[in-house]
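Report on one structure; see the data block that follows.
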Protein chains: 2
Amino acid sequence: MPNSPVKLEVRRSACCQAKTNCADCKVRLLSVCAALESDELCVLEALAKTIDFEPKTNLFMQEQPADAVYNVTEGMVRLYKLLPDGRRQIVGFALPGDFLGLAMDDHYGFSADAIGTVTACRFSREAFSNIVDEKPHLLRRLHEFATHELHLAQDQMVMLGRRTAEEKVASFLIGLRDRWARISGASVTVSLPMSRQDIADFLGLTIETVSRTLSQLARDKAILVVPDGVRLMDVARMEALAQV
Amino acid sequence: MPNSPVKLEVRRSACCQAKTNCADCKVRLLSVCAALESDELCVLEALAKTIDFEPKTNLFMQEQPADAVYNVTEGMVRLYKLLPDGRRQIVGFALPGDFLGLAMDDHYGFSADAIGTVTACRFSREAFSNIVDEKPHLLRRLHEFATHELHLAQDQMVMLGRRTAEEKVASFLIGLRDRWARISGASVTVSLPMSRQDIADFLGLTIETVSRTLSQLARDKAILVVPDGVRLMDVARMEALAQV
DNA sequence: CGTTGAGTTGACCATCGTCAACAGGAGTGG
DNA sequence: CCACTCCTGTTGACGATGGTCAACTCAACG
């Protein structure tokens, strides 16, 4: 069941490196940085470089030496692993506040692409590692994040292994709604900046099945497909299908 | 010098809390405890209780208050999540050296059952948490473990989402062979103490498909099904199917 | 306007699930 | 020792879910 091989545009981002201002950071309290006092924040701030990534550009590739970690502040990043024959599994979507650099040792364990325009704080791995050694509470925060990721990963296993296409799609939409809620407040409209192919590769389905399932849910008046997203019409029905 | 495996197999009855002797622990260097110096080990040793679990007994249940963490020293534990309607997804098998207590906050994120007889070191969560607060390098070690778990979880997502039944089974066998190798040395015979149902629930398949796939691999002379395990006959073929 | 790429829909099909029968081993009791 | 049940695992027949292939629409863009 080979999936359409992913063609990887290796566009270099126009690395605009602005002065970072953590105090004004919109996602600070959601991110790993929440562990830090304001004086410590200055230390981190000195190490951070704010980088904008253009849509469809690559942050890093699986198997590359992991020389940097990132804290996403704006936009959405797809994280994925490729099989030798081109089949792709998206292991997660990173949203503002998410930290990239947990599931890696010397080399990145997955690839990461900006979906739309993405802004992220970049830290050299070495510098970040040093500061973590000096601040146990930052390490603790990092560990909390890793633990949370592990939770999500295990929920995703249940999703991939034991749920039907309809349940997968509903669960995906509800899950994304809840994650957006933490960032920009509750809403019945779920923004879907990623392509159908991305959704399919996240849910272990094909693009056709995702499309058909969304159409069916729309026909059943459970959702309304709108440009770049869906509006949840029958929230109870969708939550029942998603039943975590 | 570190590895003088003690051959004394002492079978204790269920819930018999014996004196723990970390210095002799067969899996110490594989486990989180490897982070500790011998004097620190004594502190941990005082907190640990060695517990034996009879086959098919439960270590803890999903949603229960997480009042203890465990370090498996012998046997195999299945970790699983249940959906309300009874569908089950096994999120992992814990082997000697594995630590249970990463993917949890106040409540366990999954259930855990002993498959055969299991021996584990039990720590009260509070006491363990306190010692972690005092020993940053133990926290680091814990974080390394979490990171490793996350890696495995992401590989499992690729497995569940993008591999065929044959690839899943081959990958499972090769993966288990490699994990056993760390513990008891390399071998072409892979011990399978878990049931077919467990394998199915780990791979997102049914018991029938697992059975059929094993039979087919045996017919192809890639494996030989033996009591409580399989012998890998065509290792190259199996590794090709498993292609990580 | 033609081209391209994303998304939708339909027809068909294969992989894997469902249902059912059967085999073999362990335990029990006569 | 056999008869019986129970349990796990295997195998076969059949079917459904979701994949494959292809045609089509539509918007963006030259």
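For the numbers below, each heavy atom of this structure counts, side chains included, while hydrogens, waters and symmetry mates do not. Protein chains get the first letters and strands the later ones, always in sequence-line order, with residue 1 at the start of each.
- Each of A:Val210 and A:Arg162 was assigned the nucleotide of DNA chain C with the nearest heavy atom; the assignment lying further toward the 5' end belongs to A:Val210.
- In this structure, A:Leu203 places its CG atom 10 Å from P of D:dG19, rounding to the nearest Å.
- Listed nucleotides C:dC16, D:dG12, D:dG19 differ in distance to B:Arg212; the shortest reach to its side chain belongs to D:dG12.
- Nearest nucleotide to the B:Arg196 side chain, out of D:dG9, D:dT8, D:dG19: D:dG9.
- Aromatic rings of A:Tyr108 and A:Phe60 (six-membered ring for Trp) have centroids within the 6.0 Å cut-off, being under it.
- The separation between A:Glu166 atom CD and D:dA16 atom C1' is 15 Å, rounded to whole Å.
- Note: CG (A:Leu205) to C1' (C:dT15) measures 15 Å, nearest angstrom.
- For the pair B:Leu83 and A:Gln243, the minimum side-chain heavy-atom distance is 4.5 Å or more.
- Remark: P of D:dA27 and CG of A:Asp228 are 13 Å apart, rounded to the nearest angstrom.
- For the pair A:Asp234/A:Leu241, no side-chain contact is recorded, criterion being any heavy-atom separation below 4.5 Å from C-beta on.
- Contact annotation: side chain of B:Glu208 to base of C:dC19, donor-acceptor pair present below 3.5 Å.
- No engagement by B:Leu214 is indicated, since no non-hydrogen atom pair under 4.0 Å with the nucleic acid exists.
- One finds a side-chain N or O of A:Ser215 lying less than 4.0 angstrom from the OP1 or OP2 phosphate oxygen of C:dT9.
- Comparing atom distances between the B:Ser211 side chain and each of D:dG9, D:dG18, C:dG17 picks out D:dG9 as nearest.
- One can place CZ of B:Arg88 at 15 Å from P of C:dG17, the figure rounded to the nearest angstrom.
- For the pair A:Arg87 CZ and D:dG18 C1', the interatomic distance rounds to 16 Å; values are reported in whole Å.
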Please assess B:Leu203 against B:Met159 for the test side-chain contact (heavy atoms from CB on, under 4.5 Å), listing each intermediate value before the final yes or no. CA-CA 8 Å; B:Leu203 299 178; B:Met159 177 111 118; 3.3 Å; yes
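- Between A:Thr209 and D:dG18, a side-chain N or O to OP1/OP2 separation shorter than 4.0 Å is absent.
- Rounded to an integer number of Å, the gap from CD1 of A:Ile207 to C1' of C:dT9 is 13 Å.
- For the pair A:Arg163 CZ and D:dT17 P, the computed distance is 17 Å after rounding to whole Å.
- Proximity of B:Asp220 to B:Arg237: side-chain heavy atoms (C-beta onward) are separated by under 4.5 Å at one or more points.
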